[in-house]
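Order of the sequence lines sets the chain letters (A, B, ...), proteins ahead of strands, with each chain counted from 1.
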Amino acid sequence: MMLEVRDLDASYGRAQILAGVSLDVAAGEVVALLGRNGAGKSTTLKAILGLVPPARGRVVFDGVAVAGLAPYRIARLGLGYVPEERRIFTDLTVRENLEVARRASRQGFAPWTPSRLFKLFPNLETLIDRPGGRMSGGEQQMLAVARTLMGNPKMLLLDEPSEGLAPLVVEQMEAAIAALKREGLAVLLCEQNLHFARRLADRAVILEKGQVRYSGTMAALTADATARKTYLEL
Amino acid sequence: MTLLVAHGLRKAFGGVEAVVDVGFAVAPGEVVALIGPNGAGKSTCFNMLNGQLAPDGGTIRLGGENIAGRPPRAIARLGVGRTFQITATFASMRVRENVQAALQSFAGKSYGLWRSADTLYRDEALALLARVGMEDQAERPCGTLAYGDLKRVELAVALAGRPRLLLMDEPTAGMAPVERLALMALTASLARREQIGVLFTEHDMDTVFAHADRILVLDRGRLIAEGSPDAVRNDPTVRRVYLGAGTMYGEQA
Amino acid sequence: MSDLFADILIQFLNGLAGASSLFLVAAGLSLIFGVTRIVNFAHGALFMLGLYLAWSLIDLFGRSTLLGFWGGVLAAALCVGAIGVVIEIVVLRRIYKAPELFQLLATFALVLIIKDAVLFFWGAEELLGPRAPGLRGAVEIFGRRFPEYDLLLIAAGPLVLGLLWLLLHRTRYGIFVRAATQDREMLAALGTDERRLFTSVFFLGAFLAGLGGALQIPREPAQLSLDLAVISDAFVVVVVGGMGSIGGAFLAALLIAQAKALCIALGDVSMFGTVVSFSKLTLVVEFAIMAAVLVLRPWGLLGKPLALARGAGASAAPLDPPGPLFWPASFVVLVLLALAPLGGDRYLLVLMGDIAVFALFAVSLHFLMGPGGLVSFGHAAYFGLGSYAAALVFLRLDLPAEAALLAAPLAGGAAALLFGWFCVRLSGVYLAMLTLAFAQIAWSVVFQWNDATGGSNGLIGLWPAGALKDRTLYFWATLVLCAGGIFFLWRTVHAPFGLALRAARDQPMRAEAVGIDTRRVQWVAFALSGAFAGLAGGLFAFAKGSISPDTLGVARSVDGLAMVLLGGVQTLTGPVLGAAVFTWLQDEIARNTEYWRAILGFAILALVLAFPHGLGGALKRLRGAA
């Protein structure tokens, strides 16, 4: 198992956001984390990476118990994170944004270089010396994913990569993530866009009020109108 | 009788043209969507309408009066309500106080130094919250609300000024699919019932095609298409620059 | 060659030399702020430490050898860097997530501690340093002698600027630093150990401050007042240049050092029949430049708008109506206070009077900072101008104290109206710095205008006649006026104005979108706050019988901030509590030891580390838990 999360609790201040979340992601698998706003999807990703310190529970990434470690240590083990708001370094150029995240390559994965990334996101090549702040939302989202790949991760945590993007760009993003999946990367994907999630994910986990309410294959969820209605609709 | 008429709007930043000769109209009770690729100039257009930016050229007439270049608060007082892409509520206040602050401002009472604000326009605030279905959460601090509820509070705050026109910048960003549809259904029904014109930007095509009466499409600062949802959906140019193959929204709805 | 031209040229070179040392300090400050978002008040103290350490180390290594001198300078700078590392690890690392002002208060505590440490190790006497071996002479320029050492200093500024630029733009470390400036959490998520990075940046910043100090050793004596003098100069430079911009800091250092040098060169000049003393303007000129720059370019010469720091403290909670016991309890406290003088203890009477005055002062500051979200770093200006207005009306117009007291809020309010007009155009750190600049200008005017204000001697003989002559009656009047003022501000916070003010703080764009004129609301808040601070100042003047420029000095402004922060910005009762505890503590410690500053500093540090939400917040939590 690439990622194993057991009974994870996390809070912001006094508000408990996660209450006993458990989920698994196998090597090379794409798992969609679904649910309404405030269900705890983003917090789950942040708690896995240690950005929100988990109050309780176990997180095992590629055989290492990581709950309680500093985020940079977890990241160095090969867990890449692309946040919802992209968080590009706007004063840095595309080249520098990539350089900041560069880490040694890993056995079993072809190392990422800027030139290899430009094959995945052709737009970025022409923008190499442009400051991140002067790119469109779609270009920034591509850079956010590319930047994380420079760390040569074994697994990606993607927080709503389709949010706020034009449908055409969402299609390009889908193609890129599908290519990463073919390379063998595991992905935990938070999504609101069901069309997008459905085309990429092998399995789906649905959160509600910080707890896992549904877990199954994407095909089963697509077929299960009751589950969709209960957990994803009002 | 049209409510809003923009004509020949243009704006450039440091020599780069963001909006070029854009014109359109919104009628009372009409729900109009403004769509286009990231960086097409939607936000710039919007910010000229709400007063955040002064246009380099062109006119914006609201009920016949040119409002181009006026500050946001003046435009608000002329009956333009707005909601923000990233929800902007007064986080240190209760839900009811958010609406009260708006009501007190529109009534010109914001400089009262002595009388308690707690009871001033309390009933009116509760009535507005009832219209967006938030009356039972009136006493909760805004900082603790779920995202979808915050959006509804924002709508109530926007309605406090009895707007003739509502400007909504990506109103459903970050919401779950069905919450999106619910919020826009609420907005559309308020708009039609009270004859409020609505102009909104949006990337979620399910929402746009379900609730917009008319769609404007911007690309590279220019209006490239305008028409009914069906016409826009089938416009080859729009498909090429924006909609793509249609895998990311319910093609058959 | 005319004499005036030669004078100006020599002063220009002097200005360049001064700019170098100023730039080193400011660059360090800017670097630290850029990455950690901490405004390091102790940066001037680190400069001072560099100067003292250089004095001792050069002595140790040998004053007359080249190696002894330069080895001493370098070792001093390295020591200061190491001290910076200790400070970062022991104190700052724990409060990166605390509100900005808490960090400021903590670094101010460090100023107090370092000052007393220097006093302990080196004594209160000025220490004259050695001159640099081989650079003891002077070169002749247009018939004037100019020290060789200063020529070297002139070169040092651009050299350090170049090295820093290379470090930041041509190394991987530099990319990390620039990325951390923007989003440290994201940097960590990408696998960078941001804690080590922060420590290293703090080392570099402290090293530069220490180097700036050590290099001054042949030029100026080491003395205890350097810490605050240097930090206010450095603040001005950093703000004028743009927070976080090294190039901007260099430009600003040049501009300010040259403006000062020009004022000295011009000296006393006859203009339109009167003598204008430009040399006296040196104190004001840098703050005047800063005010002008901030109004024209709100983010400094080369700065950019500051993005809101990520993970900044959660927003304020709603203002709950007070519990059923609040008003009865307040009334009981007030009655007990009123009974205090009946015991006949003169000392207690004075202390209680001070507490009442400072409670009003703190509440007026809190009104701006809390509900207004406008951090005033120079609130003492309104307090002090209130005192001086009351004193001048009393002494010069010969009006009774009752009438003179009326002048105090008017003066405080008028000054706040004037300064506030500029200030509400800015926000955040820039706003805080502009309020500091205005306060310094007010201080300089009071300090230098001998004829009207008595200059550094201040004004004496402020003892009211008539009804207020009796100290107990005066105390009661103070109590009533202060409690009344606090109550009025409390009502205002809960009135529609308070709601509008909080709206403008929470979401300025949204507030404008519901028709609130946010600038005007904030401007009115400035005026109200200034008026009540002025009233407190007036009451203070007649309680003490004399006033001095200290009444509106930086230290007084910091006292006010400390009171508000101790009490907690989130609660309305906090500032009153904070004022009482702070006033009592300061008084108690000052009476018992020579090293009261250090003790106060440690006390502040302990409180900041233990109660990051202030005393009021801690009480609230206790109640919440119970």
Side-chain angles (χ1 to χ4, degrees), chain B residues 47 50-52 71-121 139-144 154 157-161 163 167 169, chain C residues 307-308 312-322 367 369-373 413 484-485 487-525 527-529 531-532 569-572:
Chain B
N47 286 335
N50 62 36
Q52 216 77 44
R73 61 174 180 277
I75 291 176
R77 288 186 183 279
L78 286 171
V80 178
R82 65 191 273 218
T83 66
F84 293 76
Q85 180 180 353
I86 297 166
T87 17
T89 52
F90 306 130
S92 76
M93 299 179 197
R94 297 177 186 288
V95 169
R96 163 174 58 81
E97 291 172 317
N98 264 266
V99 186
Q100 274 174 295
L103 287 166
Q104 287 165 13
S105 163
F106 283 119
K109 312 245 175 192
S110 281
Y111 292 92
L113 298 180
W114 189 256
R115 210 194 128 177
S116 167
D118 194 51
T119 48
L120 192 59
Y121 298 123
E139 295 305 315
R140 286 185 64 182
C142 259
T144 66
E154 227 196 347
V157 171
L159 291 172
L167 299 174
D169 195 3
Chain C
L308 276 180
S315 60
L319 291 176
D320 290 318
F367 180 73
M369 284 171 60
F487 182 65
F488 180 84
L489 286 175
W490 189 91
R491 291 286 314 203
T492 303
V493 171
H494 288 87
F497 181 77
L499 216 52
L501 189 61
R502 280 154 60 204
R505 171 197 68 186
D506 283 359
Q507 284 287 353
M509 289 230 287
R510 161 51 81 199
E512 291 275 337
V514 296
I516 295 173
D517 187 339
T518 51
R519 271 188 190 169
R520 202 162 78 173
V521 164
Q522 292 176 337
W523 193 31
V524 172
L528 281 173
S529 170
F532 283 100
V569 184
Q570 307 284 338
T571 59
L572 295 180

C:R505 versus chain B, the contacting section by heavy-atom distance below 4.5 Å: side chain

Options C:L501, C:V521, C:D517, C:I516, ranked by heavy-atom pairs under 4.5 Å with chain B, top entry: C:D517

Chain C contact via B:T87 - side chain, backbone, both or neither, heavy atoms under 4.5 Å: backbone

One should read off an interatomic distance between B:N47 CG and C:M509 CE, to the nearest 0.5 angstrom, of 7.0 Å

Spacing of C:R502 atom CZ and B:F90 atom CZ [to the nearest 0.5 Å]: 10.5 Å

B:R140, CZ: over 12 other non-hydrogen atoms inside 6.0 angstrom: yes

Less than 4.5 Å to any heavy atom of chain C: does that hold for the side chain of B:E154, its backbone, both, or neither? both

If I measure from the heavy atoms of chain C, does B:Q104 come under 4.5 Å with its side chain, its backbone, both, or neither? side chain

Go through the atoms of B:A160 and report whether side chain, backbone, both or neither lie under 4.5 Å from a heavy atom of chain C. neither

At a heavy-atom separation under 4.5 Å, does C:V493 approach chain B through its side chain, its backbone, both, or neither? neither

Look up atom CD in C:E512 and atom CG in B:N50, then write down how far apart they are to the nearest 0.5 Å. 11.0 Å

Kindly compute the distance separating CD (B:E97) from CG (C:L499), expressed to the nearest 0.5 Å. 6.0 Å

One option among B:S105, B:A102, B:A76 has the most heavy-atom pairs under 4.5 Å with chain C, and it is B:S105

May I ask you to name which of B:S110, B:A101, B:P72, B:G51 has the most heavy-atom pairs under 4.5 Å with chain C? B:S110

By a 4.5 Å heavy-atom criterion (distance strictly below it), what part of B:L113 contacts chain C: side chain, backbone, both, or neither? both

Under 4.5 Å heavy-atom distance to chain B, tell me which part of C:L489 shows up: side chain, backbone, both or neither. neither

Among C:W490, C:F487, C:F497, whose ring pair (Phe, Tyr, Trp, His ring centres under 6.0 Å) with B:W114 holds? C:F487

Okay, B:R82 and chain C: the region with an atom under 4.5 Å from a heavy atom over there is both

B:R115 and C:R491: which non-hydrogen atoms are nearest, and at how many Å? CA-NH2, 3.9 Å

Measure the OG-CG distance between B:S92 and C:L319 for me, rounded to the nearest 0.5 Å. 7.0 Å

Picking from B:M93, B:R73, B:Q52, which has the most non-hydrogen pairs under 4.5 angstrom with chain C? B:R73

